[in-house]
Chemist: 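Below is the structure I would like to discuss, written out as structure tokens.
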Amino acid sequence: MALHNGDLIFQTSQSSQSQAIQLATHSKYSHCGILYYLGGEWRVFEAVQPVSETSLAKWVARGKGSEFVVKRLRDAETVLTPPVLRRLYAAGEQYRGKNYDLYFGWSDERIYCSELLWKMYKTATGREIGQLQTLREFDLSHPTVQAKLRERYGKNIPLDEKVISPVRMLESAELVTVR
């Protein structure tokens, strides 16, 4: 498997919110990051607490069953030129060190994993990877999802908040599966 700078990588997180995300989005994938070859190794830039990068090996080991999927922009060879890759990297760097967004808000104050990747690609290429949704479009019926919503928002659930889920990016027609 040949990885490329700018590839997107998806996994099933083992975080406390992963199950709720999986149930609400009907997908086993609950976390994602973007790949860069830096300092002689593959690194995953991701929105965790705080937004930062980790080695690919550590990132994979952190996921459930060490399973992951790698996706690439369908026309990466023509779109992701060296100047665009520099813009993509710079677009991510503006978020480095920002707090993770437990509330999945769309502002740039805090940021969550798929929001980070979506905004990086939108800024660097003008492309939208995955369809934005509102929170109300997710399946909020499961007790695990309802408990997580109550924990985060109390009674004031922002059902009209704009969100991008890992699975909406994963399934985007803009991407092809690399691994």
Side-chain angles (χ1 to χ4, degrees), residues 3 5-39 41-71 87-124 129-130 132-135 138 140 142 144-159 161-170:
L3 298 174
N5 285 314
D7 284 352
L8 303 181
I9 187 167
F10 299 83
Q11 72 179 185
T12 304
S13 169
Q14 299 193 69
S15 72
S16 63
Q17 68 184 9
S18 180
Q19 186 184 16
I21 292 169
Q22 292 172 66
L23 290 164
T25 63
H26 296 232
S27 171
K28 74 178 191 173
Y29 298 103
S30 58
H31 187 57
C32 51
I34 187 167
L35 289 159
Y36 289 106
Y37 193 73
L38 299 168
E41 72 170 335
W42 283 102
R43 311 280 298 169
V44 180
F45 189 65
E46 61 181 331
V48 287
Q49 181 52 35
V51 174
S52 56
E53 67 184 60
T54 190
S55 74
L56 176 58
K58 284 184 180 170
W59 193 89
V60 169
R62 224 177 45 216
K64 186 175 180 186
S66 296
E67 292 178 27
F68 63 94
V69 172
V70 177
K71 295 278 198 160
R87 282 201 312 267
L88 187 63
Y89 186 81
E93 283 299 302
Q94 70 181 325
Y95 298 106
R96 185 183 289 274
K98 291 217 179 223
N99 287 323
Y100 181 80
D101 190 355
L102 287 169
Y103 302 98
F104 305 111
W106 195 248
S107 81
D108 290 348
E109 198 175 307
R110 300 180 200 282
I111 198 143
Y112 57 92
C113 66
S114 40
E115 177 191 19
L116 173 67
L117 306 187
W118 194 94
K119 288 180 175 181
M120 287 172 66
Y121 262 90
K122 179 72 171 167
T123 299
I129 311 297
L132 295 176
Q133 296 176 281
T134 60
L135 198 53
F138 294 105
L140 308 178
H142 195 280
T144 301
V145 175
Q146 291 178 359
K148 192 56 75 174
L149 288 170
R150 274 193 307 279
E151 172 190 314
R152 299 273 164 88
Y153 305 111
K155 292 183 193 292
N156 300 314
I157 300 168
L159 294 173
E161 185 70 35
K162 189 174 7 176
V163 288
I164 184 71
S165 65
V167 71
R168 280 287 170 260
M169 295 190 79
L170 178 89

Chemist: What heavy-atom pair brings Glu46 and Thr54 nearest, and what distance separates the two atoms?
Modeler: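 Where Glu46 meets Thr54 most closely, the heavy atoms are OE2-CG2, 3.3 Å.
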
Chemist: Taking all heavy atoms of Ser66 and all of Phe68, pick out the closest pair and write down the distance.
Modeler: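 Where Ser66 meets Phe68 most closely, the heavy atoms are O-CD2, 3.7 Å.
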
Chemist: Among all residues two or more places apart in sequence or in another chain, which pass the ring pair (Phe, Tyr, Trp, His ring centres under 6.0 Å) test with Tyr112?
Modeler: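 Once residues adjacent in sequence are excluded, the partners of Tyr112 under the ring pair (Phe, Tyr, Trp, His ring centres under 6.0 Å) criterion are Phe104.
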
Chemist: Check whether any side-chain heavy atom of Ile9 sits under 4.5 Å from a side-chain heavy atom of Gln11, and report yes or no.
Modeler: no

Chemist: Looking at Glu41, I'd like to know if its CD atom is crowded, meaning that more than 12 non-hydrogen atoms belonging to other residues, nucleotides or ligands lie closer than 6.0 Å.
Modeler: yes

Chemist: Would you mind reporting whether Trp59 and Glu53 have side-chain heavy atoms less than 4.5 Å apart?
Modeler: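 No, side chains not in contact.
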
Chemist: Is the shortest side-chain heavy-atom distance between Glu161 and Tyr103 below 4.5 Å?
Modeler: no

Chemist: Quick one: does Lys119's side chain get under 4.5 Å of Lys122's, heavy atoms only?
Modeler: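 No, their side chains stay 4.5 Å or more apart.
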
Chemist: Please report the shortest heavy-atom distance between Leu159 and Thr134, naming the atom on each side.
Modeler: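 The pair with the smallest heavy-atom distance is O-CB, 3.5 Å.
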
Chemist: How many angstroms lie between CG in Asp101 and CD in Glu115, if you round to the nearest 0.5 Å?
Modeler: 6.0 Å

Chemist: Given Ser13 and Ser15, is the side chain to side chain donor-acceptor pair (under 3.5 Å) satisfied, shown in steps?
Modeler: CA-CA 5 Å; Ser13 169; Ser15 72; 3.2 Å; yes

Chemist: Scan Tyr36, Tyr95, Tyr121 and name whichever one has a ring pair (Phe, Tyr, Trp, His ring centres under 6.0 Å) with Tyr89.
Modeler: Tyr36

Chemist: Would Ser30 and Ser18 count as having a side-chain donor-acceptor pair, cut-off 3.5 Å?
Modeler: yes

Chemist: Show the nearest heavy-atom pair for residues Lys71 and Phe10, with the distance to one decimal.
Modeler: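 Between these two residues, the closest heavy atoms are CG-CE1, 3.8 Å.
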
Chemist: Search all heavy atoms of Ile129 against all heavy atoms of Ile164 and return the closest pair with its distance.
Modeler: O-CD1, 4.0 Å

Chemist: Taking atom NZ of Lys64 as the centre, report whether more than 12 heavy atoms of other residues, nucleotides or ligands fall under 6.0 Å from it.
Modeler: no

Chemist: Do other residues, nucleotides or ligands put more than 12 heavy atoms under 6.0 Å from Arg43 CZ?
Modeler: yes

